[in-house]
Amino acid sequence: MLELSATIDKLCAASVREYINPYELMDWPNELSKEQWFFSPELMSLHGTDLYSSMPESRQKLLSFFETINFFSLNIHGERSLIEGLARRLYKRDNQVLAPYLHHFLDEENKHMIYFGGFCTRYAGKIYAERKLPLQSRQYEPGEEDFLFFAKVLIFEEIVDVYNIRMSADDRLHPLARQINLLHHKDEARHLVFGRQIVERLYEQYSAKWSQETLGQVREYIGDYLKATWSEYYNPDVYRDAGVAEPYDAREAAMESERSRRQRQEISNGCIKFFLKTGILETAPEL
Ligand SMILES: [Fe+2]
Ligand SMILES: [Fe+2]
């Protein structure tokens, strides 16, 4: 507990120092030409497929624009449910120590949606619909629901952050796309420190009292959530908008390619290692 409150103090101080006003900071051009990269080609979901190789570069660039709209949209959906869950936990009796940081967390996630949403609505006129199915609620053992909430947040943010880091350093991308990735990464670096600590602490605090059945369910849920998170990166609406004739076939080919599987594994590596090291998972999920 001591270690967590020291971390919270440090993270709060950093959030105050790095406090931004997204309305002043962002410079939005009236229009964006789609003849440029918005998403790193190697990270695009169709990269490595025959379909992708057969596209002229102008089409690949158009695809990179819609991949960006998808990436920003899935962040908005994740952040919306994150904000809901954080707000519900604010000033709860058993975790008052978290409150000062939850205020920053809420504030920062709201700002992320302002710039993600600002980009999508200005330049695409839309946000893609959410495809992740809500998982059924059930009876939870003590601490289990909080643990699963923060574990899901962590998985989601760990994967996003790998993309943010790589794309913020990719000078082929349009400066606005790079800036958004960089701004997001700066806040997420703190959220990840908090996330790893709270997930580990909740697990240590409660898991010994859970039944074997609950423990098994928790582990299965984490693996399923990782897979569900990844499936959102392959969005047929993106392919349709980029002019792909058979968007569902494209999705299947991309998801099933060996290259994509390796890439999912590589990008999830840091996150999976954390769950294995802490004993939360016993085996790495197949992605
Ligand atoms: Fe965020
Ligand atoms: Fe975050």
Side-chain angles (χ1 to χ4, degrees), residues 4 7-8 10-23 25-26 38-39 43 67-90 95 98-121 127-128 130 132 146-169 176-202 222 225-226 228-230 232-233 267-268 270-271 274-275:
L4 183 65
T7 304
I8 285 175
K10 271 193 219 150
L11 292 174
C12 286
S15 280
V16 170
R17 262 196 326 270
E18 307 266 320
Y19 195 83
I20 65 151
N21 176 346
Y23 299 107
L25 202 68
M26 313 296 295
F38 294 92
F39 208 84
L43 289 174
E67 288 275 19
T68 303
I69 300 299
N70 186 53
F71 182 55
F72 291 175
S73 298
L74 64 90
N75 269 284
I76 291 170
H77 299 311
E79 286 162 347
R80 252 192 342 202
S81 53
L82 169 52
I83 280 181
E84 266 177 48
L86 290 175
R88 242 184 295 132
R89 285 166 177 82
L90 197 57
N95 60 15
L98 305 181
Y101 192 62
L102 296 190
H103 280 296
H104 289 293
F105 211 147
L106 281 161
D107 167 57
E108 288 161 6
E109 295 303 349
N110 184 49
K111 285 172 181 165
H112 301 166
M113 292 195 291
I114 293 168
Y115 49 71
F116 287 137
F119 187 95
C120 294
T121 52
I127 286 160
Y128 286 122
E130 187 169 25
K132 204 184 257 167
D146 277 348
F147 168 78
L148 285 175
F149 169 74
F150 284 109
K152 280 194 297 184
V153 171
L154 184 64
I155 289 168
F156 180 79
E157 296 196 327
E158 290 264 354
I159 294 174
V160 163
D161 197 47
V162 175
Y163 281 82
N164 284 155
I165 291 172
R166 293 186 188 176
M167 293 206 278
S168 63
L176 188 57
R178 286 185 68 186
Q179 184 191 19
I180 292 177
N181 277 287
L182 180 63
L183 282 175
H184 197 235
H185 163 64
K186 283 181 167 178
D187 285 348
E188 291 303 307
R190 296 190 298 278
H191 298 179
L192 290 173
V193 169
F194 174 76
R196 285 188 175 207
Q197 248 185 60
I198 188 85
V199 165
E200 191 169 2
R201 193 178 73 93
L202 290 170
I222 290 174
Y225 188 79
L226 249 166
T229 300
W230 270 115
E232 289 185 299
Y233 282 75
I267 291 176
S268 315
C271 173
F274 164 80
F275 281 105

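Count residues from 1 along the sequence. Ligands are counted one by one from 1 in listed order, and the atoms in each one are counted from 1 as well. The figures here come from the full heavy-atom set of this structure, side chains too, leaving out hydrogens, waters and symmetry mates.
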For the Fe ion (ligand 2), the closest N/O/S atom belonging to E109: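 Considering only N, O and S atoms, E109 comes nearest to the Fe ion (ligand 2) through OE2.
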Looking at the Fe ion (ligand 2), which N/O/S atom of E157 is the nearest one?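 Result: OE2.
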Answer yes or no for E188: is there an N/O/S atom below the 2.8 Å cut-off from the Fe ion (ligand 2)?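 An N, O or S atom of E188 is closer than 2.8 Å to the Fe ion (ligand 2), so yes.
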Just wondering, is there an N, O or S atom on H191 that's nearer than 2.8 Å to the Fe ion (ligand 2)?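 An N, O or S atom of H191 is closer than 2.8 Å to the Fe ion (ligand 2), so yes.
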Y115 side chain reached by L25 side chain, heavy atoms, under 4.5 Å: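 Result no, sub-4.5 Å side-chain heavy-atom pair not found.
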Among the N, O or S atoms of [X], which one sits nearest to the Fe ion (ligand 1)?
X    : result
H112 : ND1
E79  : OE2
H184 : NE2

Ring pair (Phe, Tyr, Trp, His ring centres under 6.0 Å), paired with F71, selected from F119, Y128, F38, Y163: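 Of all the options given, the one that passes is Y163.
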Is a donor from one side chain sitting under 3.5 angstrom from an acceptor on the other, for H184 and E188?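 Side-chain D/A pair, H184 to E188: present.
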State, without any angle test, whether D187 and H112 hold a side-chain donor-acceptor pair at a distance under 3.5 Å.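 Per modelled atom types, D187 and H112 side chains form a pair under 3.5 Å.
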Considering all heavy atoms of both residues, which atom of N95 and which atom of R89 are nearest to each other, and what is their separation?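 Shortest heavy-atom contact: OD1-O, 3.4 Å.
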Could you tell me how the ring of F150 sits relative to the ring of F194: parallel (under 30°), tilted (30 to 60°) or perpendicular (over 60°)?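 Geometry flag for F194 against F150: perpendicular rings.
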